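The structure appears right after this line, and notes come after that.
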Amino acid sequence: MIIGAAGFVGSYLAAELMKRHGMEVHATKLGGEGLAISNAQIYDLDILNKDEIVTLLYKVRPDYIFHLAAQSSVSVAWKNPQLTVDINVKGSLNVLDAVRELFYKPRVLLIGSGEEYGHIREDETPIKEDNHIRPGNIYAATKACQNMIAAIYTQAYDMHLISVRAFNHIGPQQSPIFVVSDFCKQVAEIEAGKKAPVMYVGNLSAKRDFTDVRDVARAYALLAQKGKPGETYNVGSGRSYEIREILDLIISMSTAEIRVETDPNKIRPVDVPVIEADITKLREATGWEPEITLRETIWEIMEDWREKLSAKQEG
Ligand code: A2R
């Protein structure tokens with residue numbers, strides 16, 4: 001069962017579980033959201049309502065639960081901390097309490113974030129799971145809280161809860177509020193003549209660890225099966241790139257003449273200089289390695305935006 005499957009990761013994870021692992025997938029979405037996954041059962045579920053979760057779990061009786069439902073935006077978390085705490089802490093606790101009431105013990109994968117580490121010092125890079133966490137925003141604090149509750153519940157109630165800390169993931173269909181999708185969308189708009197040939201960028205010197213969403217989905221499927229309950233695993237590529245390098249790569253994939261300008265709105269007040277995951281623990285537990293290169297992913301994201309824009313023009 002995938003809880004919160006209407007977001008970016010959900011349909012990639014569903015495809016991975018069905019195709020590579022032969023699993024029967026049941027997926028949930030919020031009432032107002034649209035979601036179609038072929039061969040999967042879809043249910044409406046609001047994780048703020050624990051009784052709804054209990055009823056659904058008794059009906060489906062999943063062996064594995066992937067809990068993706070979240071308020072996943074750092075900027076929305078600043079604007080609406082109450083909602084973020086409700087969904088990410090109370091909602092996750094509802095899921096865990098519902099699982100605790102079951103008569104059997106499914107394996108549950110809880111998705112946290114590399115953001116939990118907060119300001120990473122240079123000597124802590126690449127960062128390991130047992131490093132100090134110093135969450136620097138409300139989103140990060142809620143995910144750190146989810147992680148702590150999972151560790152406590154695993155011990156106290158002998159539950160099979162596995163936590164991950166996911167680093168930046170990218171791929172076709174991601175919202176353009178995230179940097180790579182934003183840059184690719186801007187290039188596609190310039191190519192389509194919908195925008196002046198100027199790219200607006202934020203801080204280009206930050207280094208981040210990017211992984212293709214399909215590689216991330218593969219890691220989640222493996223960790224749900226092979227991860228150790230009560231443990232936390234980083235999911236990233238283990239390598240960081242400067243945003244400037246990514247920008248150059250994206251621009252090199254276009255024949256358009258593009259000028260680059262800084263947009264002060266895209267500069268964050270505090271930005272961590274380098275975020276890079278140590279993925280030794282994930283490798284050792286599952287044998288996972290990233291398979292899709294940054295260049296391949298970026299090319300697909302560009303093509304996806306080009307198609308979307310030309311479909312719009314034709315329509
Ligand atoms: O906020 P919306 O309308 O996009 O819906 C999100 C949904 N969601 C909920 N589901 C059930 N009950 C709720 N009360 C509730 N509130 C929000 O969870 C969205 O469809 C889904 C999460 O998807 P994304 O925000 O696209 O996250 P993504 O990229 O799929 O990442 C999955 C996980 C999240 O835990 C992130 O925090 C983490 O990976 O990085």
Side-chain angles (χ1 to χ4, degrees), residues 1-16 26-37 42-53 56-57 65-77 79-80 82-96 98 108-117 135 137-147 149-150 161-181 208-217 219-221 223-224 232-236 275 277:
M1 169 170 286
I2 304 175
I3 298 179
F8 175 47
V9 178
S11 37
Y12 288 106
L13 179 60
E16 172 69 20
H26 296 251
T28 81
K29 64 173 186 70
L30 271 177
E33 290 179 311
L35 176 66
I37 302 172
I42 314 277
Y43 310 85
D44 282 349
L45 178 73
D46 184 344
I47 57 165
L48 295 181
N49 185 337
K50 195 193 110 187
D51 293 340
E52 261 184 46
I53 313 174
L56 186 63
L57 289 183
I65 298 171
F66 298 84
H67 174 41
L68 305 184
Q71 191 303 95
S72 68
S73 153
V74 173
S75 60
V76 172
K79 288 177 204 135
N80 203 338
Q82 302 264 350
L83 177 80
T84 307
V85 169
D86 277 350
I87 296 173
N88 295 4
V89 180
K90 196 156 178 254
S92 293
L93 195 55
N94 282 338
V95 170
L96 295 184
V108 184
L109 196 75
L110 296 153
I111 315 300
S113 167
E115 285 277 344
E116 290 171 53
Y117 294 111
N137 58 63
I138 305 301
Y139 168 75
T142 60
K143 289 293 185 173
C145 189
Q146 173 186 272
N147 181 285
I149 293 173
L161 311 177
I162 298 131
S163 292
V164 311
R165 292 200 181 114
F167 289 68
N168 300 58
H169 28 297
I170 56 172
Q173 310 292 330
Q174 188 174 29
S175 153
I177 61 166
F178 297 98
V179 64
V180 175
S181 190
R208 293 290 181 271
D209 183 325
F210 294 96
T211 311
D212 186 283
V213 63
R214 288 153 289 194
D215 280 334
V216 171
Y220 290 178
L223 279 172
T232 300
Y233 298 85
N234 285 340
V235 173
I275 302 184

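Whatever order the structure lists them in is the order used to number ligands and atoms, beginning at 1. Predicted, not measured: the structure shown is a model, and the values here were computed from it.
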Does any N or O in the side chain of Gln174 come within less than 3.5 Å of the main-chain N or O of Pro176, such that one atom is a donor and the other an acceptor? no
Could you see which bit of Leu30 sits under 4.0 Å from ligand 1, with heavy atoms only: side chain, backbone, both or neither? side chain
Pair Val235-Arg165, side chain to side chain contact (heavy atoms under 4.5 Å, CB included): steps then yes or no: CA-CA 6 Å; Val235 173; Arg165 292 200 181 114; over 6 Å; no
Could you find the nearest protein heavy atom to atom 24 (P) of ligand 1 and give me its residue, atom name and distance? Ser72 OG, 3.6 Å
Test item: Phe210 and Val179 side chains (from C-beta on) under 4.5 Å apart, heavy atoms: yes
Could you tell me if any non-hydrogen atom of Glu33 lies under 4.0 Å from any atom of ligand 1? yes
Contact (N/O only, under 3.5 Å) between Gly10 and ligand 1: no
From Ala5, Ala70, Ala69 - option closest to atom 17 (C) of ligand 1 by heavy atom: Ala70
Side chain of Asp209, backbone of Ala277: donor and acceptor closer than 3.5 Å? yes
Hey, does Leu68 come in under 3.5 Å of ligand 1, counting only N/O atoms on both sides? yes
Identify, by atom number and element, the atoms of ligand 1 in contact range of Ala6, meaning under 4.0 Å from any of its heavy atoms. 20 (O)
Considering only non-hydrogen protein atoms, determine which one is nearest to atom 23 (O) of ligand 1 and report residue, atom name and distance to 0.1 Å. Gly7 CA, 3.3 Å
Can you tell me if Thr28 uses its side chain to pair, donor with acceptor, with the backbone of Asp44 under 3.5 Å? no
Is any side-chain heavy atom of Asn49 less than 4.5 Å from a side-chain heavy atom of Asn94? no
Suppose I only count heavy atoms of Ile87 and a 4.0 Å limit; which atoms of ligand 1 are within that range? 16 (N)
Nearest-0.5 Å distance, CG of residue Leu223 to CD1 of residue Ile162: 7.5 Å
Short N/O distance, under 3.5 Å, between Asp46 and ligand 1? yes
Less than 3.5 Å between some nitrogen or oxygen of Val9 and one of ligand 1, yes or no? yes
Between Lys143 (side chain only) and Ile111 (backbone N and O only), is there a donor and an acceptor less than 3.5 Å apart? yes
Whether Tyr43 and His26 hold their rings parallel, tilted or perpendicular, with breakpoints at 30° and 60°: parallel
Could you say whether the N/O atoms of Phe8 and ligand 1 ever approach to under 3.5 Å? yes
Which is it for Leu96 and Gln146 under the side chain to side chain contact (heavy atoms under 4.5 Å, CB included) test, yes or no, and what are the steps along the way? CA-CA 10 Å; Leu96 295 184; Gln146 173 186 272; over 6 Å; no
Could you pull out, from Asn94, Ile111, Ile53, the option with a heavy atom nearest to atom 39 (O) of ligand 1? Ile111
For ligand 1, which is the ligand I care about here, please tell me if Gly4 has any N or O atom under 3.5 Å from one of the ligand's N or O atoms. no
re atom 12 (N) of ligand 1, the protein heavy-atom contact at minimum distance is Ile47 N, 3.0 Å
Could you go step by step and tell me if Val9 and Phe66 meet the side chain to side chain contact (heavy atoms under 4.5 Å, CB included) rule? CA-CA 11 Å; Val9 178; Phe66 298 84; over 6 Å; no
Tyr220 N/O under 3.5 Å from ligand 1 N/O: no
With atoms numbered from 1 as shown, which atoms in ligand 1 lie under 4.0 angstrom from a non-hydrogen atom of Leu45? 11 (C), 12 (N)
Any idea which part of Lys143 is under 4.0 Å from ligand 1, heavy-atom wise: side chain, backbone, both or neither? side chain
Check: His67 and Ser163 side chains under 4.5 Å, non-hydrogen atoms: no
Is there any N or O on Tyr139 that sits under 3.5 Å from an N or O of ligand 1? yes
